[in-house]
Amino acid sequence: MAANFYPPCPQPNLTLGLSPHWDNGGLTLLVQNVVDGLQVKHKGRWVAARPTRGMFTVILGNYMEVLSNGRYKSVQHRTRVNKERMRITVAVGHRPENDAIMAPAHQLVEKDGGLRFKSLRFGDYMKLHQIIVSEGKHALKTLAFQQDTAVMPSQSADERAVE
Ligand SMILES: O=C(O)CCC(=O)C(=O)O
Ligand SMILES: [Fe+2]
């Protein structure tokens, strides 16, 4: 769980509350104190994800995109700060154990006719993620197979594991 406190900022256009990122787990449930700030990347543009009183905002993360073999997209998001009002959010993230294998569900792979992501231990993914993110890249780009190199689900998990 993470609690985020964004104090009012006299020059909100000069800074961000949180830099653009993708969440790592499956789902993040977010409670917001009904002050705008969250933005999601949609078709190349930042779009406000406005809070509604009494509702959770649900953010899909990288684990969900891999598990769903790419059907559900992990959303890039960031936060802005507000000139007059403080903003408080509480984010509860689901993430698997480090020893869990992060891999597409085989039922979907069969239906989709191919594996869209390499599989690896979630703990190893988190280590890899640190390096990739420090280079300013999206971790799933590294795990994704190119369309022409996709392997079939009959391949064993060991063969598929990232070195
Ligand atoms: O504070 C927010 O609106 C977003 C928080 C967030 O993205 C996170 O904790 O990963
Ligand atoms: Fe986030």
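Counting starts at 1 for both ligands and their atoms, following the listed order. What you see below is based on every heavy atom in this structure, not just the backbone, and it leaves out hydrogens, waters and symmetry mates.
In this structure, a donor-acceptor pair under 3.5 Å is present between the side chains of Tyr125 and Asn62.
At least one donor-acceptor pair closer than 3.5 Å links the side chain of His21 to the backbone N or O of Ser19.
Within the 4.5 Å cutoff, no side-chain heavy atoms of Gln39 are placed close to those of Val47.
Listed here is the closest heavy atom pair of Pro96 and Tyr63: CG-CE1, 3.5 Å. Taking every heavy atom of both residues into account, Lys83 and Pro8 meet most closely at O-CB, 3.5 Å.
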For a distance cut-off of 3.5 Å, show me each N or O of ligand 1 paired with any protein N or O, plus the separation.
| residue | atom | partner | partner atom | Å |
| --- | --- | --- | --- | --- |
| ligand 1 | 1 (O) | Tyr6 | OH | 2.6 |
| ligand 1 | 1 (O) | Thr89 | OG1 | 2.7 |
| ligand 1 | 3 (O) | Arg87 | NH1 | 3.2 |
| ligand 1 | 3 (O) | Arg87 | NH2 | 2.9 |
| ligand 1 | 7 (O) | His21 | NE2 | 3.1 |
| ligand 1 | 7 (O) | His77 | NE2 | 3.0 |
| ligand 1 | 10 (O) | His21 | NE2 | 3.2 |
| ligand 1 | 10 (O) | Asp23 | OD1 | 3.2 |

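The number of heavy atoms from other shown groups lying within 6.0 Å of NZ (Lys41) is above 12. Around CZ of Arg50, the count of heavy atoms belonging to other residues, nucleotides or ligands within 6.0 Å does not exceed 12. Shown here is Met126, whose CE atom has more than 12 heavy atoms of other residues, nucleotides or ligands within 6.0 Å.
Around the Fe ion (ligand 2), the protein contributes the following N, O or S atoms at distances under 2.8 Å: His21 NE2, Asp23 OD1, His77 NE2.
Transitive grouping of hydrophobic side chains (ILVMFWY, heavy atoms separated by less than 4.5 Å) brings Ile132 and Phe122 into a common cluster.
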